[in-house]
Structure formats: structure tokens, C-alpha cells
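The block underneath contains the structure these notes are about, expressed in C-alpha cells.
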Amino acid sequence: MTATIDRTIISERAPASPARLSFTPAGSPPGLLDGAWWPRSRDLFRELRALTDVLDARWGRITHVTVNPTHWPVVPRKVPVTGHTVHVGWFAEEDPNKLILLSYTAGRWDLLVIPPETGAAAAARLMSAAATPGGLCTASALMASEDITRHAQEELQEEEEWETDGGAASATGQPAGFPTSARGR
């Protein structure tokens, strides 16, 4: 596995869209995750700017972020955000589906990172699951569970399509649409 580290700070980029987030309710029992983040792209530089715009106001200044570089093509060392710079670290040993945020004033948060190409329904399920108070699932376990759910839904849809296309057996034991007069010839 290789990670590309962008050692430059690029100050001119297009403004990012607001971050899509879910959080565990304040005061709820701690769990393995504090919520979920559904970025719009795999451009970590751009996405972190949108994320910190929301989180700095909510939790205090975000100073450091750590990621696993598996899903990020470029991992910048520093990201200039509104009023300060966020330092970015990467660890191949970290859960590839998790982002860790650190703030000197308010502590640490672990967020599930939902892949940007995820459909809205799946993302909603994942955001809800990651924001469950006292949740004991890791980020990768939630993603694996969603993969199983998606696979089961696809199989069910294929089966329903097969049955509506004449694949279901009739009461006579013959495929639907098979003429009964042809039986026994």
C-alpha cells in the first residue's frame, strides 16, 4: 500500500459544500464512534475544510486529524481552514473507514467515513448506526454490515424480477406461462 502525501499548502481552491454529518446525542453513553461523516469526494484537502467549518463551531478548534490512507488518494500534511491550520496524520494501522479528530479544548472524536459514492439510503442507515449512543460496532464492522444488507437487497430484487418475468412455478409445477396442454407429450 502506498500513500501520497501532498507537502504543499494550496490556498486557492473552490469553496466546499457543507459537510454531511451525524452525531451521537450530547450526554449519551460513550461508544466506539461519535458519529459519521459522508464526504462528497475523496479530496481530503477540500473535504476537511468543509468538515472543520462545522466542527470548529460545535466542538472548538479542530487541530489534528488522522486517517488511514487507503481511501484517500492524497493525504495533505496541513490544511488551512478558517482562522487556523489543521495538521493531518495518517496511519496504515488505523481503521480505513474511520477519521479521528482532535481538539485541544474539547478532546477526541471518532467518525465513520462513509464513501462518497454511497447511495443516499445506505448513507442514511450508516449515519444512523454510527450515531447510536453506546454503539459497540467499529467503523469497518458497520461498513461490512451495510455491504451484507446491500447484497441481500440486490438478491431479493433479482429474485422478484425473475418471478415477474415468468420464472416462478405455477400450481401445476410447470413454469408460469408454460401451456398445460403441452404437458405429457
Side-chain angles (χ1 to χ4, degrees), residues 1-24 31-103 108-132 135 137-151 153-154:
M1 174 181 61
T2 62
T4 304
I5 301 173
D6 179 5
R7 298 198 184 278
T8 62
I9 296 176
I10 302 168
S11 59
E12 295 297 322
R13 292 233 178 163
S17 300
R20 299 178 290 189
L21 297 160
S22 68
F23 302 107
T24 54
L32 294 179
L33 295 170
D34 300 300
W37 175 43
W38 184 22
R40 288 179 168 74
S41 73
R42 294 201 183 271
D43 182 348
L44 190 57
F45 185 94
R46 182 180 188 155
E47 296 295 335
L48 282 179
R49 294 175 76 186
L51 181 63
T52 59
D53 282 347
V54 172
L55 298 182
D56 280 356
R58 181 181 175 108
W59 289 335
R61 181 177 281 190
I62 301 299
T63 57
H64 291 81
V65 172
T66 62
V67 298
N68 179 312
T70 301
H71 300 299
W72 303 104
V74 176
V75 178
R77 282 188 47 215
K78 296 178 182 180
V79 177
V81 298
T82 307
H84 67 286
T85 300
V86 174
H87 298 273
V88 182
W90 62 271
F91 299 95
E93 301 80 20
E94 187 62 56
D95 185 330
N97 298 297
K98 184 170 77 170
L99 173 89
I100 299 173
L101 302 155
L102 301 169
S103 166
R108 169 186 168 152
W109 298 273
D110 293 22
L111 299 180
L112 166 69
V113 178
I114 300 169
E117 61 276 2
T118 303
R125 285 189 299 270
L126 287 164
M127 290 183 113
S128 176
T132 301
C137 286
T138 65
S140 286
L142 288 176
M143 293 304 297
S145 176
E146 181 57 34
D147 285 344
I148 291 168
T149 299
R150 181 183 43 78
H151 183 68
Q153 288 174 338
E154 287 171 358

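- A distance-only check finds no donor-acceptor pair linking the side chain of Asp110 to the backbone of Ile100 [under 3.5 Å].
- Remark: Leu44 CG to Leu99 CG distance equals 7.5 Å, nearest 0.5 Å.
- Between the side chain of Thr149 and the main chain of Ser145, a donor-acceptor pair closer than 3.5 Å is present.
- Side chain of Trp38 to backbone of Pro115: a donor-acceptor contact under 3.5 angstrom is found.
- Here the side chains of Glu117 and Arg42 are in contact, with some heavy-atom distance below 4.5 Å.
- Side-chain contact between Trp109 and Leu55 is absent, with no heavy atoms from C-beta onward closer than 4.5 Å.
- When each of Thr82, Val86, Val81, Asp43 is checked for a side chain to side chain contact (heavy atoms under 4.5 Å, CB included) with Arg49, only Val81 meets the rule.
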Which pairs would a plain distance check flag for residues 122-129, meaning a side-chain donor or acceptor within less than 3.5 Å of a matching protein atom at least two apart in sequence or in another chain?
{"residue": "Arg125", "atom": "NE", "partner": "Glu146", "partner atom": "OE1", "Å": "3.1"}
{"residue": "Arg125", "atom": "NE", "partner": "Glu146", "partner atom": "OE2", "Å": "3.3"}
{"residue": "Arg125", "atom": "NH2", "partner": "Glu146", "partner atom": "OE2", "Å": "2.5"}

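- Asn68 and Ala92 get closest at one heavy-atom pair: ND2-O, 2.9 Å.
- Remark: the backbone N or O of Ile62 is paired with a side-chain donor or acceptor of His84 at under 3.5 angstrom.
- The distance from the CH2 atom of Trp37 to the CD1 atom of Ile114 is 11.0 Å, given to the nearest 0.5 Å.
- Taking CG of Leu51 as the start and CZ of Arg46 as the end, the distance is 14.5 Å to the nearest 0.5 Å.
- Here the OG1 atom belonging to Thr118 is positioned 5.0 Å from the CE atom belonging to Met143, to the nearest 0.5 angstrom.
- No donor-acceptor pair closer than 3.5 Å links the side chain of Ser22 to the backbone N or O of Gly35.
- Ion pairing of Glu47 with Arg20 is absent here, as no side-chain N (NZ or NE/NH1/NH2) approaches a carboxylate O to less than 4.0 Å.
- Atom CD in Glu94 sits 10.5 Å away from atom OG1 in Thr70 (nearest 0.5 Å).
- Nearest heavy-atom pair across Phe45 and Lys78 is CE1-O, 4.0 Å.
- The two residues Ser140 and Asp95 come nearest to each other via the heavy atoms OG-OD1, 2.5 Å.
- Proximity of His87 to Leu102: side-chain heavy atoms (C-beta onward) are nowhere separated by under 4.5 Å.
- Residues Ala130 and Ala36 come closest through the heavy atom pair CB-CB, 3.7 Å.
- You'll find the side chain of Val113 reaches within 4.5 Å of the side chain of Trp72, heavy atoms only.
- The one candidate from Leu33, Val65, Asn97, Leu21 that meets the side chain to side chain contact (heavy atoms under 4.5 Å, CB included) condition with Leu111 is Leu21.
- Within the 4.5 Å cutoff, the side chain of Trp90 has no heavy atoms near those of the Pro76 side chain.
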